[in-house]
Amino acid sequence: MLARADALLARHRGTGSARALPAAAALLTDAIDTSSADIPTLTDIAFAPALQPVPAHVKSAGAQAPGETVVVSEGRWASSPAPEPAPPVEVISRVQAQNLEHTVYLKLKQELDERIAEVVHERFMPEIGVALDHALQKVTHDLNASVGALVRSSIEETLQLQIGKLRLALEDEVRREEAVAAIPSAIIPAFPAPQARPAEMEIAKSFEPAAIEAHWYPVWEESGFFRAGLDESNPGNHCILLPPPNVTGTLHMGHAFQHTLMDALVRYHRMRGYNTLWQPGTDHAGIATQIVVERQLEALGVSRRDIGRAEFEKRVWQWKEASGSTITRQMRRLGASCDWSRERFTMDEGLSGVVTEAFVRLHEEGLIYRGKRLVNWDPVLQTAVSDLEVESREENSHLWYIRYPLASGEGHAIVATTRPETMLGDVAVAVNPEDPAYKDIVGSRVVLPLCGRQVPVIADDYVDPEFGTGCVKITPAHDFNDYQVGERHKLEPINIFTLDARINDNAPAAYRGLDRFEARARILADLEEQGLLAETKPHKLMVPRCGRTDAVVEPMLTDQWFVRMDSLARAGLDAVARGEVKFVPENWTTTYNQWLNNIQDWCISRQLWWGHRIPAWYDGEGNVYVARTRAEAQAQHDQALAECIQAGESATATELRQDDDVLDTWFSSALWPFSTLDWPRDNPALRLYLPSSVLVTGFDIIFFWVARMVMMTLHFTGKVPFREVYVTGLVRDAEGQKMSKSKGNILDPLDLVDGVSVESLVEKRTANLMDPRQAESIARTTRKHFPEGIPAFGTDALRFTFASLASHGRDIKFDLSRCDGYRNFCNKLWNASRFVLMNCAGRDTGVDDSLAVELSAADRWVASRLHRAADDARAAFREYRFDNLARAIYGLVWDEYCDWYVELAKVQLATGSEAQQRGTRRTLVRVLEAILRLTHPVMPFITEELWQKIAPLAARGGPSIMLQRYPETGAAKIDEAAEQEVDMLKRLTTACRTLRSEMNVAPSQKLPLLVQAGQTQITPYVPYLSALARLSEVVVVAELPVAEAPVSIVGDCRLMLKVEIDVAAERARLNKEKARTEAEIGKSESRLANPNFLGKAPAPVVLQETERLARFRATLEQLEQQLRKLA
RNA sequence: GGGCGGUUAACUCAGCGGUAGAGUGCUAUCCUCACACGGUAGAAGUCACUGGUUCGAUCCCAGUACCGCCCACCA
């Protein structure tokens, strides 16, 4: 039993390996199932005869918070789960029989609490039971007074707590077990169990992404392809910091979008041979995470204060362990090529060390200070929050006009206020010095209603005579503006609120203990009754609420830690002004500058339990010692003490107590660019990857994070954290609404990858709503928008969609139909590859250079187009224009390679010479192979799968496409002549097809074509034209016959399709064409007739216009000729 | 109050001084041996409005209207 217990304890201390969990959990369950018989009752314990001495470590349990579960094992402390014991009714009654004095009772209670907690685990640790017995025995022996009903309830309370905690522990255990069971292995936790992939060379008729994704990601990761490049001789390096998501969070559309872009950038630079690092990690997200865990506790009827700080922290860590990998698993599903071996967590030992180091240094430099200031206070969480975490919303309220009688007894001043309850803390009434209405009363005193205090009437510019009555009450302790007025006039603030925003003892007795909202109602009623409420007007005002809890934020005078911002902000502004950090799009620079120019000191302390504890210690006299460790603080204290004694002052040594507060989450985030690179230790990664290349993020955290990283990184390392900041738009729903849980319009990116039924979608959207009443309407709109649920698009299609939507300076309305289109695109690429494999696998693809290869204009054309696309792609990456990247790829693959080249290649393969066929296969294969490399950064999975099959045909190959070079650009490969030739062919083909279509010729019917060519050499086009336009023959004639057949004009060629026509219809068609041409001619002529145009427009523009006119005129003539023939 | 965006085809968006483009949708037609998640052809726009600059404005400038966001905030 002991061994089992130790195993459990070891795990709870975090020393057990993840793999050991299921086994240990099984042990626990086992123990619970079978061992209820050997759980001792309290009776057994309290009156057991054992009399062994209490071990020293058991005594120290008194330092634990009441109700803390404590287990002793080998001198170490750890909380532990255990089953629920039966309530010890007999014990209570027997103890009750005793008589006990109050102080003694307290001592007993405390000890009992501890003992009861221990007893619960007694079956693991018999010796504890023994120690406990002894303690109880001793207590019983010492006491001869009885314990009253108080004791009974106290014991019951303790037991309840214990029971609650045990239930928690058990549930947690089960959850963890499930979570672990769901993870097949540590390295590939992200994908469903791999399905069988199609065998080599066999290729499915359509693209099925799931198996391919599940296969390739683990291969890449296990092969170490994501690892940071650390070659210091490599001149190129590219680093992206992952904005660390909340460790307990899940991936949302915004993440998926940004991660897609980051991954594309990293893969692109990796393929270009750069040293690359995509630094992943997660954030402990202080408030957010604490709230989640508190809610869990709440559901079980326990508060964090009940279980104590240490236990609470442990629970958060457990929650982190259990859910912390969710988001990284999801990232893997999206193909993120982060260097997972470098994954960091802001509360890691290393990063925590950096946090302490940074804090201490800033403090030493005088940039961190502690002081009593008015801060934004969340009375629900009971912590300070920073300005940025406060979100103001307009709400309907009232403006109340209150009479303040003059102390002289004659008349009164009327103040207008939106917060009457704060009047209890008024210290003055203020008017504008220029306001004639109040000139006389400045300097006199008024009587504060309900309080009876007299306060002065002061004059201050802050008061706007036009608003309200032009007379303002001044409450420095509860309003930021009033605080400043108070400082100017040396008025002592009167705080009237407790930390949970109830009226405190500084206020008249009648209001004490009232909640601020109750107090408002009571005060208004009382004022009304006394005839002091002059007027009530409806009024809209901005109510500040906490971004996390939605509680109305209260300005509160408290002791807090601050970072002095002026010098840091100036450095941050300078770095951007010098261009060391660039924003893309540029206009975000303005936002950044504006914020830094108006910045206030940053309140970094939070009265929370989850976060980096502030490295400051206090002695008994309240002196503060900021130090890296307790020992260092102790040394400072000792020295100060010695100095005092030396100076002949009296001083006593006291035990140091660490500051209870933790740091704002964003403090550690601000250090992310160098803390993740193991600063301050010099190492290759730090040398190579600071500054990083680009930060990809949304504008919403420019203030929270971007600006602070710039300031901190500059301060500590002298370098900027990143050279560019690419600010993406926000992903919104199809109606342009921000996606949020409460709106019920969230989409899980993985649902787009895997597909989801409408039922599960509704379930997901309506689960755990803050306001369950919304469930019905959310369900309704969801069913309306997704009547069929969402089909599986696959990761590549989703990524391509994100890329195509990533234009600059615009939010993204996420439109599912785009996914549809790009899923189809994947299929197109897949089938083009299938075609190439069918025609080239096992055939001569021109790998052997000694054999003759003949390349047609079509072959040269497609190669030329490929190089243009590669140019465009590189430009797109350079400018972060992923939409352009997507367009370039899409157009190349679909419009050029598939629609034209593959069709032309079919002709060449069917009719060409051996050398031509060889050239065709070579081109088919090589261009496709390059297309795959070109596309890989955006669509990693499908390109890898296809490349593995295609590359060998192009005499390439390797373990992965991601290690191949990105296609090179090269003006040499641009072939203008071939492009013109194919362009002509395309126009001829389209003209024929249009004629066919307009004449309603069945696709299966082949027709002869007569061509009257001008200068154009038509012969080379004939085979292609015949196939593409389904012609039975092409006859070149000197003059088209006078026949009743449709004619089309392309350049200097006239095409006649030999088909019987309706003369009237054909005339109508030609007339329509003629009208269009004449309109163009008209526009062109008037332009060219304008002397100003001829005189001022640049020559090439004039030339272009002249040529255009000539072309139209030629066409017009042909059309007229044809019309005459039909006459 | 200060600042930043947006307004282009039915929808979602590119273009940003010189012939209005894409995807989706729509119409017609075709299961032609890579692909019906497809082929072919087609219809569809006074580029919000008003002025200005210019030989020329969807594009530049100014203003108006509407939509959206950020910051600050008058009690």
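Every chain is numbered from 1 and lettered A, B, ... according to where its sequence line falls, protein lines coming before strand lines.
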Open item on the list: Just the rounded figure in Å: distance from C1' of B/A34 to CG of A/Asn831.
Closed with: 5 Å
TODO: Using whole Å, report how far CG of A/Leu1057 lies from P of B/A41.
DONE: 14 Å
Open item on the list: What's A/Pro1091 touching, base or sugar-phosphate or nothing? Going by heavy atoms closer than 4.0 Å.
Closed with: nothing
Open item on the list: Need one value for A/Gly470: base, sugar-phosphate or nothing, where a base atom within 4.0 Å counts as base even if backbone is also close, heavy atoms only.
Closed with: base
For nucleotides 42-44 of chain B, list the nitrogen or oxygen atoms of the protein found under 3.5 Å from its nitrogen or oxygen atoms, one pair per line.
none

Open item on the list: Rounded to whole Å, how long is the line connecting atom CG of A/Asp482 with atom C1' of B/A75?
Closed with: 7 Å
Open item on the list: If you compare all heavy atoms of A/Glu1073 against all heavy atoms of A/Thr1077, which two are closest, and at what distance to 0.1 Å?
Closed with: O-OG1, 2.8 Å
Open item on the list: Classify A/Trp400 by what it touches in the nucleic acid, base, sugar-phosphate, or nothing, heavy-atom distance under 4.0 Å.
Closed with: nothing
TODO: Would you indicate what A/His478 reaches in the nucleic acid, counting non-hydrogen atoms under 4.0 angstrom: base, sugar-phosphate, or nothing?
DONE: nothing
- [ ] Name the nucleic acid region contacted by A/Asp464, choosing base, sugar-phosphate or nothing; use a 4.0 angstrom heavy-atom cut-off, strictly under.
- [x] base
Open item on the list: Would you say that more than 12 heavy atoms from the other residues, nucleotides or ligands in this model lie under 6.0 Å from the CD of A/Glu395, or not?
Closed with: yes
- [ ] Determine the minimum heavy-atom distance between A/Gly572 and A/Leu596, stating which atoms define it.
- [x] C-CD1, 4.1 Å
Task: Nearest-Å distance once atom P is located in both B/U8 and B/U12 - done: 9 Å
TODO: Taking all non-hydrogen atoms of both residues into account, name the closest pair between A/Ala792 and A/Arg823 and its distance.
DONE: O-NH1, 4.2 Å
TODO: Name the nucleic acid region contacted by A/Cys898, choosing base, sugar-phosphate or nothing; use a 4.0 angstrom heavy-atom cut-off, strictly under.
DONE: base
Task: Nearest listed nucleotide, side chain of A/Lys205, among B/A75, B/A34, B/A36 - done: B/A36
Task: Pairwise C1' distance for B/A9 and B/G15, with rounding to whole Å - done: 14 Å
- [ ] Please work out if A/Tyr822 contacts a base, only the sugar-phosphate, or nothing of the nucleic acid, heavy-atom cut-off 4.0 Å.
- [x] nothing
Open item on the list: Within the 4.0 Å limit for protein heavy atoms, which parts of nucleotides 6-15 of chain B are touched? Write it as a string from 5' to 3', B for base, S for sugar-phosphate only, - for none.
Closed with: SS----BSSS
TODO: Answer with base, sugar-phosphate or nothing: what part of the nucleic acid does A/Phe699 contact at a heavy-atom distance below 4.0 Å?
DONE: sugar-phosphate
Open item on the list: Once you apply a heavy-atom cut-off of 4.0 Å, does A/Met838 come out as touching a base, just sugar-phosphate, or nothing?
Closed with: sugar-phosphate
- [ ] May I ask you to say what A/Lys473 touches in the nucleic acid, namely base, sugar-phosphate or nothing, with a heavy-atom cut-off under 4.0 Å?
- [x] nothing
Task: Whichever of A/Pro1003 and A/Lys1083 has its nearest RNA chain B nucleotide further upstream toward 5' - done: A/Lys1083
Task: Atom-pair distance (NZ on A/Lys986; C1' on B/G39), nearest Å - done: 16 Å
- [ ] Would you indicate what A/Arg996 reaches in the nucleic acid, counting non-hydrogen atoms under 4.0 angstrom: base, sugar-phosphate, or nothing?
- [x] nothing
Open item on the list: If I pick the P atom on B/C37 and the same atom on B/C26, what distance separates them, to the nearest angstrom?
Closed with: 14 Å
TODO: Answer with base, sugar-phosphate or nothing: what part of the nucleic acid does A/Lys906 contact at a heavy-atom distance below 4.0 Å?
DONE: base
- [ ] Answer yes or no: is there a side-chain heavy-atom contact under 4.5 Å between A/Leu829 and A/Ile931?
- [x] yes
Open item on the list: Using every non-hydrogen atom in the two residues, find where A/Leu374 and A/Ala477 come nearest and quote the distance to one decimal.
Closed with: CD1-O, 3.2 Å
TODO: Measure distances between side-chain N and O atoms of A/Lys828 and base N and O atoms of B/C35, and say whether any donor-acceptor pair falls under 3.5 Å.
DONE: yes
Task: Axial cation check for A/Tyr890 ring with A/Lys828, 6.0 Å and 45° limits - done: no
- [ ] Remember a base hit wins even if backbone is also touched, and classify A/Glu903 as base, sugar-phosphate or nothing at under 4.0 Å, heavy atoms.
- [x] base
TODO: Would you indicate what A/Asp899 reaches in the nucleic acid, counting non-hydrogen atoms under 4.0 angstrom: base, sugar-phosphate, or nothing?
DONE: sugar-phosphate
Open item on the list: Please give the distance between the C1' atoms of B/C30 and B/G68 as a whole number of Å.
Closed with: 46 Å
TODO: State the pairing partner of B/C73; accept Watson-Crick or G-U wobble contacts with both distances under 3.5 Å, and report none otherwise.
DONE: none
TODO: Give the rounded distance in Å between these two atoms: CD of A/Glu586 and P of B/G5.
DONE: 11 Å
- [ ] Provide the distance between the two C1' atoms, one in B/A36 and one in B/U29, to the nearest whole Å.
- [x] 13 Å
Open item on the list: Work out how far the C1' atom of B/A10 is from that of B/C16, and round it to whole angstrom.
Closed with: 25 Å
Open item on the list: Between C1' on B/A41 and CG on A/Leu995, what's the gap in Å once rounded to a whole number?
Closed with: 11 Å
- [ ] Please say which of A/Trp830, A/Phe941, A/Phe825 ends up in a ring-ring contact (aromatic ring centres under 6.0 Å, His included) with A/Phe207.
- [x] A/Trp830
Task: Nearest-Å distance once atom P is located in both B/C60 and B/U40 - done: 36 Å
TODO: For A/Gly468 and for A/Gln594, find the nucleotide of RNA chain B with the closest heavy atom, then tell me which residue's nucleotide is more 5'.
DONE: A/Gln594
